[in-house]
There are 2 protein chains.
Amino acid sequence: MTTNSACSLIDMETLERIAPIIRHTAHPLRLRILDFLSSQEEPQTVTAIIEACKSPQAIVSQQLRILKDQNVLSARRERNHVKYSVANSNVLLLLDCIRRH
Amino acid sequence: MTTNSACSLIDMETLERIAPIIRHTAHPLRLRILDFLSSQEEPQTVTAIIEACKSPQAIVSQQLRILKDQNVLSARRERNHVKYSVANSNVLLLLDCIRRH
DNA sequence: ATCATAGATAGTTATATCACAATATAATGT
DNA sequence: ACATTATATTGTGATATAACTATCTATGAT
């Protein structure tokens with residue numbers, strides 16, 4: 001160690017892996033969805049999420065897919081409903097981050 | 001309170017205000033810059049940041065501007081150098097979030 | 001005044017994301 | 001079989017972001 005004393009920077013591979021997850025989550029409606037789901041005990045139906053978001057069905061459905069693609073949410077079919085829940089609780093730190101702002 | 005018990009969802013105005021800050025920060029190189037700056041006691045010159053990032057000057061400069069525009073970083077000129085430092089420590093929670101992943 | 005160093009900006013092309021409308025699929029009830 | 005409710009997908013045009021090259025500006029030294 002000569003001049004530079006900082007040694008444990010997060011490696012680029014990790015940053016490249018995680019950054020898209022955060023970037024995809026950092027969208028107003030998707031954060032709202034995440035906030036809503038994390039506030040509920042049980043997985044919620046798309047209809048309930050639409051209601052909580054007050055946004056058009058197609059748009060909510062699209063955002064749910066994006067979050068599912070990033071493994072932020074998971075979905076399971078139950079009778080004629082699909083219920084979503086938070087799959088990766090790490091991203092909930094984003095919400096804390098926002099609340100503290 | 002009838003069926004819906006969740007009451008304190010973060011309001012949309014806040015989400016719309018904060019989301020872009022997070023989105024702009026959630027980029028591999030910009031996270032690296034942030035990580036580096038937060039690891040150093042003192043504000044750092046662009047040259048030092050370039051060195052830490054091992055990326056071309058123009059690109060680093062561009063990313064610094066983006067972070068400054070979002071008020072994540074602040075810059076001050078000192079003689080013939082410009083020194084950057086973390087202006088908004090809230091976003092450092094993103095780094096924690098990543099480390100825990 | 002000229003030069004070197006440090007840093008910022010502009011221009012460009014490719015790609016990604018957005019919101020929205022329209023349509024499709026899936027399961028259930030009659 | 002048909003209608004209904006629940007959810008997903010596709011297509012589109014507008015806008016944003018990415019990485020890169022080239023150029024520009026600012027400060028300080030000779």
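Every value quoted in this text rests on a predicted model; they were computed, and no experiment measured them. Heavy-atom basis, side chains included; hydrogens, waters and symmetry copies ignored. Naming: A, B, ... by sequence-line order, numbering from 1 per chain.
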Among the nucleotides C/dG7, C/dA19, D/dA8, whichever has the atom closest to the side chain of B/T47 is C/dG7
Within this structure, what is the CZ-to-P distance between B/R65 and D/dT17, rounded to whole angstrom? 13 Å
Using only heavy-atom distances, decide whether a donor-acceptor pair under 3.5 angstrom links the side-chain of A/Q57 to the base of C/dC20. no
Above 12 or not: heavy atoms from other molecules or residues under 6.0 Å from CZ of A/R99? yes
In whole Å, what is the span from the NZ atom of A/K83 to the C1' atom of D/dT5? 16 Å
Output the single nucleotide from D/dT7, D/dA8, D/dT27 whose closest atom is nearest the side chain of A/T45. D/dT7
Residue B/V82, side-chain atoms from C-beta onward, closest of C/dA6, C/dA21, C/dA8: C/dA8
Checking D/dA18, C/dG7, D/dA6 against the side chain of B/I66 (C-beta onward), the nearest is D/dA18
May I ask you to verify if any side-chain N or O of B/H27 is less than 4.0 angstrom from the OP1 or OP2 atom of D/dA19? yes
Can you measure A/E78 atom CD to C/dA27 atom P for me and round it to whole angstrom units? 14 Å
At under 4.0 Å between heavy atoms, what does A/R23 touch on the DNA or RNA strands: base, sugar-phosphate, or nothing? nothing
When the distance from CG of A/L64 to P of D/dT9 is rounded to whole Å, what number comes out? 11 Å
So does A/Y84 get a side-chain nitrogen or oxygen closer than 4.0 Å to the phosphate oxygens (OP1/OP2) of D/dA6? no
Rounded distance (Å) that lies between atom C1' of D/dT9 and atom NZ of A/K68: 12 Å
Are B/I10 and B/M12 linked, directly or through other ILVMFWY residues, by side chains that come within less than 4.5 angstrom of each other? yes
The residue, B/A48 or A/P56, whose nearest nucleotide of DNA chain C is more 5′ is B/A48
B/Q44 has an atom CD; how far is it from atom C1' of C/dG7, in whole Å? 16 Å
Cluster check B/I49, A/L9: I/L/V/M/F/W/Y, side chain < 4.5 angstrom: yes
Among the nucleotides C/dT28, C/dA19, C/dT9, whichever has the atom closest to the side chain of A/I59 is C/dA19
Report the nucleotide, chosen from C/dC20, D/dT7, D/dA6, that has the shortest atom-to-atom distance to any side-chain atom of A/Q62. C/dC20
Over how many whole Å does the gap from B/L29 atom CG to D/dA18 atom P extend? 10 Å
Where the side chain of A/R79 is concerned, which of C/dG29, D/dA6, C/dT17 is the nearest nucleotide? C/dG29
N/O (side chain, A/R30) to phosphate O (OP1/OP2, C/dC18) under 4.0 Å: yes
With the side chain defined as heavy atoms from C-beta on, B/S61 is closest, among C/dA6, C/dG7, D/dA8, to C/dG7
Electrostatic pair A/D35:A/R32 at N-O distance under 4.0 angstrom: no
Given D/dA26, is OP1 or OP2 found less than 4.0 Å from the side-chain N or O atoms of B/R77? no
Is a donor-acceptor pair below 3.5 Å formed from side chain A/Q63 to base C/dC18, judging by atom type as modelled? no
Is there a side-chain contact between A/T45 and A/V82, using heavy atoms and a 4.5 Å cut-off? no
When you compare the side chain of B/I98 with that of A/L15, does any pair of heavy atoms fall below 4.5 Å? yes
In this structure, how many angstroms lie between the P atom of C/dT30 and the CG atom of A/N80, rounded? 13 Å
Does C/dG7 have OP1 or OP2 sitting under 4.0 Å from an N or O in the side chain of B/H81? yes
